[in-house]
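Just so we're on the same page: letters track the sequence lines, and every chain starts at 1.
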Number of protein chains: 2
Amino acid sequence: MSRTAGSSGKKTQAAIREAGLDLIYAQGFDAMSLRQLAARVGLQPGSLYNHIATKQDLLYDLIHNHMVTLLERIDAELEGIEHPLDRLKAFIAFHLTYHIERKREVFIGSAELRSLEPRNRKKIVALRRAYEDRLSGILETGVAGKLFKIDDVAVSAYAILAMLTGICTWYDPKGRIGRRELIDIHTRLVLQGVLK
Amino acid sequence: MSRTAGSSGKKTQAAIREAGLDLIYAQGFDAMSLRQLAARVGLQPGSLYNHIATKQDLLYDLIHNHMVTLLERIDAELEGIEHPLDRLKAFIAFHLTYHIERKREVFIGSAELRSLEPRNRKKIVALRRAYEDRLSGILETGVAGKLFKIDDVAVSAYAILAMLTGICTWYDPKGRIGRRELIDIHTRLVLQGVLK
DNA sequence: TATAAAAACGATCATACGTTCGTATCTTGG
DNA sequence: CCAAGATACGAACGTATGATCGTTTTTATA
């Protein structure tokens, strides 16, 4: 046998990424075998290597992709908003929305950080740091403008991020609580903790 | 060869648990091999089976132990405290302290939940639920007593827990911020978000 | 339309894994 | 002080894994 009719690199690549997200999210990176992945995509195990360099590379690609998108979108979201309070609100709303929509990516991006080789991990951590800086930047501006009262900006930024990211572990879009309501609750929680 | 001079079941068992915590925390459960674990303890791989039933059993033991201790200690901590505000403060202080001290256990207890067999996972999730209920119980009492103003107790409890637990990923006991300071910052953040 | 590149197959490799087992030695309770 | 149980060794097992390779067929370029 050999190349299958109708096979296209783009499609297969996308299918591999999609199946990879699913499997890694459900079982973890180490627990997912390339044979499982290949079966899901409808390929023989060896054929995966026409599309990925190594298993490690697939993981890095998935996470890197996610982080770059996250940064691009938050910057697009904050563009043109000046007032620190509005920027903070926009950050909260975006963060929650994105984390609901890309649950798998977010989870993998934090849970499987340690499965990355040191070199790869460093790059991802730098991107994550850049994202965190978007929030602490807003907080600092707000403090400087005497809008916010914050004991420790760095710690508060971590605390807020942890709180917002936490929804990934329990939130069900089809459940009792709507997206708008979720954002409102969290916005109020954060603002009360931060406003002067 | 055979039994080594000075070998004692209690000691080996403890060494296995300690090394297991270290390795699973650093590499993840799947990534840790029993050969690695045995080497760390100073044993041949097969000898581990004098002390553990299976690899899965070791993981369950570690997590179960952690959860039971967590519950015992929060109950001891809250004992005798009546006022909801004081109870909330006590919860925050305890949670942070415990999560600093038992960083590895806490991390494993959440990150490796999915590595547990369904039967085991169910038991752990029930214990975690019980712990969460300690917090939401306090919040509810506070709302009933018109001390707290909370949009949604369940969501807020999750949000607060996520925020407090988040320190595990970044806090360094030897760093810039002391334990007392950490507790103060978080207490203020939570209380401002919750008080009427 | 000829030709190079892309994509898939199927077999296979070396390795690492969790676990079992027979045996030998140490520790301890009666 | 001796017998029974506990503890460890070292070899081995079957299996699963990530990865490679030669080959074949399809797609796309020029």
Verify the contact: side-chain N or O of [X] to OP1 or OP2 of [N], cut-off strictly under 4.0 Å; return yes or no.
| X | N | result |
| --- | --- | --- |
| A:Thr12 | C:dA8 | yes |
| B:Ser47 | D:dT7 | no |
| A:Gln44 | C:dG10 | yes |
| B:His51 | D:dA8 | yes |

Gap between atoms [atom1] and [atom2], on [X] and [N] respectively (whole Å):
| X | N | atom1 | atom2 | answer |
| --- | --- | --- | --- | --- |
| B:Lys10 | C:dT27 | NZ | P | 17 Å |
| B:Asp30 | C:dA16 | CG | C1' | 14 Å |
| B:Ile52 | D:dT7 | CD1 | P | 14 Å |
| B:Leu58 | C:dG18 | CG | C1' | 13 Å |
| A:Leu48 | C:dC9 | CG | C1' | 12 Å |
| A:Gln56 | D:dA19 | CD | C1' | 14 Å |
| B:Lys55 | C:dT19 | NZ | P | 8 Å |
| B:Tyr49 | C:dG18 | OH | P | 7 Å |

Please assess B:Glu18 against B:Arg104 for the test salt bridge (Lys or Arg N to Asp or Glu O under 4.0 Å), listing each intermediate value before the final yes or no.
-> CA-CA 10 Å; B:Glu18 178 61 22; B:Arg104 295 173 309 175; 2.9 Å; yes
Sorted by first residue and then second, give each ring-ring contact (aromatic ring centres under 6.0 Å, His included) pair with at least one member in residues 106-137 of chain B; sequence neighbours left out.
->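 Output for this query lists B:Tyr25-B:Phe107, B:Phe91-B:Tyr131, B:His95-B:Tyr131.
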What ring-ring contact (aromatic ring centres under 6.0 Å, His included) pairs are there with at least one residue in residues 168-196 of chain A, not counting sequence neighbours?
->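 Qualifying pairs, neighbours excluded: A:Trp170-B:Tyr158.
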Considering all heavy atoms of both residues, which atom of A:Leu78 and which atom of A:Ala90 are nearest to each other, and what is their separation?
->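 In terms of heavy atoms, the two residues are closest at CD2-CB, 4.0 Å.
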Toward the 5' end of DNA chain D, which comes first, A:Ala31 or A:Ala53, by nearest nucleotide?
->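 Nearest-nucleotide comparison on DNA chain D picks A:Ala31.
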Pairs satisfying side-chain hydrogen bond (donor to acceptor under 3.5 Å, both in side chains), at least one member in [range], at least two apart:
| range | value |
| --- | --- |
| residues 36-46 of chain B | B:Asp22-B:Arg40, B:Gln27-B:Gln36 |
| residues 77-90 of chain B | none |
| residues 136-156 of chain A | A:Asp151-B:Arg188, A:Asp152-B:Arg176 |

Could one point to a donor on the side chain of B:Asn50 or the base of D:dA6 with an acceptor on the other under 3.5 Å away?
->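 Counting by modelled atom types and ignoring angles, no donor-acceptor contact under 3.5 Å is found here.
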Check DNA chain D against residues 32-40 of chain A and give the residues with a non-hydrogen atom under 4.0 Å, in numerical order.
->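 Going residue by residue through residues 32-40 of chain A, the ones with a heavy atom under 4.0 Å of DNA chain D turn out to be A:Met32, A:Ser33, A:Leu34, A:Arg35.
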Would you mind classifying the nucleic acid contact of A:Leu43 as base, sugar-phosphate or nothing, using non-hydrogen atoms under 4.0 angstrom?
-> sugar-phosphate
